[in-house]
Amino acid sequence: MRIPTRKKPEVLSPAGNLRGLKTAVDYGADAVYCGGKAFGMRSAPKNLSLEDFEEGSRYAHERGARVYVTCNVLPRNNEIEAMREYIGQLKDTGVDALIVSDIGVMMMARQVAPNLELHVSTQAGVTNYQAANAFYELGARRVVLAREMDLQAVRDIRANIPDDLDIECFVHGAMCMAFSGRCLFSNYLTGRDGNHGECAQPCRWKYSIVEEKRPGQYFPIEQTENGAYLFNSQDMNMLGHLDDLIDSGATSLKIEGRAKSAYYIAAMTNAYKTAVNEYMIQRGFEDADGNILLPFHDRVIRPSDPDYGQGTEDQVMRNADAAFAGVADEGYDRAIATSDAPEPDGMSSHARSTRRKSNTAVEQIETDWKHAAVRPAPHVGLPEWLLEETDKVAHRDYSTGFYYPEHKVTQNTDRSAYFRSWLVVGEVLSWSADEGGRVTLMSRNKIEPGQQVEFLLPGERPLAYIVPEDGLRDADGTPVPAINNPAHVFSMPCPHQVPINAAIRSRTKKPTLKAE
């Protein structure tokens, strides 16, 4: 059994192993992408065996989710026949789609596994609708856009491709400094091929300048005496701007991180799935119980629409101007109506006008080209607790990638470590109603009486809970003053029913920079 393509926005989560796949599905992923033991662009995770794909596909399909397999390396001549054999094995595991970047592999997959969907990887560098249409004619049913696309470019592609060609866009996670991820930096410095999943991430190393006639003297590139991290890009975080991206035609919202932990997968999947649900409710497509009220459709005005090119107000960018300027949406019109009001975020009218354009050179050419607009709609507001979720996983400084030209991703030149203000302190093994409720857990970090923890719950706001003053026990049932032995089984009173495998987390006493 394979699950058909969704008719509404898809939350696509990463998984580096079978546990990650199941975790993503448990926390609401509509689809999971993962690599096998060969031919994937991430070699650090353990990845999945053919047996894992079979079990994972069954698990996902029983819960209405899909599984995509990455075959997006750039194969060499001596790998072609092995790739053919591998795809032939994958087609019988129950997976739903292959993610490819090489056109030869794409043609091979059509021959060997004609029943599998073909998704064109971001490695292929799709930046325009002509390329997207060409891949569609070759059999692709999805294109993963290059990460350097802005919102206007996403709209222009959506307006000029078939409605049944999916657009997949990254929404969260690490950004690569190389064009669409095609990079030879790691090859040059370490011999590890980034296009075969073995990237050593030298772009995140510390660098200093050495002058030719002064060997051994290292000069800092910026103000720090410890050197600088020249190519160390910020992480992406589009949680608070998902409505802009969905309105602009994105079909699938991709979370980066196949090398991340099960907790990271759970937390970010839950956050983005909850945000998409809010979008569907506030846009009027579904009610609070998930019942369909209207068929989902993006807000892009296509060339075939009567109002195409009629100068419809760009509400998406107006909302973005307000968000980045820290002005509430409902007060934005009042803020700019007064003659002495400052420009939001210091942006001039020209800058905001430029933002509405694609970041390509097409504006410099005299043609009849018209950019696709979006029909106005109010900003989709998300609860504060949800927006805070992205700060409860280890992360670098956040940005919105390249989607807003005046707020592009930049690099952190002074550090490469991750911020960490929350810790996973345990994982739920079971819950029992006995004694008024009791949770058995596998410890990860110290838990002591009076400590506030949170249980990460699928599809819900996290459950805040104060650890009781007594009732903590070890695996033998012996009372203990605190849970302070990692990787051991303990139990504690908890009147709230919590699901198996739910992460238990707690704020760190002092936020740290965590190297990963």
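Sequence positions, counted from 1, serve as the residue numbers for this chain. Reckoned from all heavy atoms, side chains included, excluding hydrogens, waters and symmetry mates.
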For [Y], is there an ion pair with [X] - N to carboxylate O distance below 4.0 angstrom?
| X | Y | answer |
| --- | --- | --- |
| R147 | E168 | no |
| E286 | K7 | no |
| E448 | K446 | yes |
| E278 | R283 | no |

Kindly give the heavy-atom pair with the smallest separation between [X] and [Y], and that separation in Å.
| X | Y | value |
| --- | --- | --- |
| V67 | C34 | CG1-SG, 4.0 Å |
| E454 | P462 | OE1-CB, 3.7 Å |
| S121 | I99 | CB-CG2, 3.8 Å |
| G249 | D298 | CA-CB, 3.9 Å |

Problem - Test applied, salt bridge (charged side-chain N to carboxylate O under 4.0 Å, His left out); reference residue, E117; option that passes from K91, R142, R141, R66 - result: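 Only one option passes, and that is R66.
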
Practice task
State yes or no: are the ring centers of H119 and Y68 separated by less than 6.0 Å?
Solution key: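 Here the rings of Y68 and H119 have centres that are less than 6.0 Å from each other.
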
Handout entry: Ring centres under 6.0 angstrom apart (H395, Y418)
Key =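 So the answer is no for these two rings.
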
Handout entry: Ring geometry between F490 and H488 (parallel below 30°, tilted from 30 to 60°, perpendicular above 60°)
Key =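 It falls in the tilted class, 30° to 60°.
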
Practice task
Measure up the Y465 and H496 rings against each other and bin them: parallel (under 30°), tilted (30 to 60°), perpendicular (over 60°).
Solution key: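 Rings of Y465 and H496: perpendicular, over 60°.
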
Handout entry: Sequence neighbours excluded - ring pair (Phe, Tyr, Trp, His ring centres under 6.0 Å) pairs with any residue from residues 255-275
Key =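 Sorted pair list: H172-Y272.
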
Problem - K22 NZ/CZ over Y59 ring centroid, <6.0 Å and within 45° of normal - result: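 The answer is yes; both the distance and angle limits are met.
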
Practice task
Mark yes or no: K8 above the aromatic ring of F285, with NZ or CZ under 6.0 Å from the six-membered ring centre and no more than 45 degrees from the axis.
Solution key: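 Judged by the rule, K8 and F285 form no cation-pi pair.
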
Problem - Greater than 12 external heavy atoms within 6.0 Å of L50's CG - result: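 Enclosed.
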
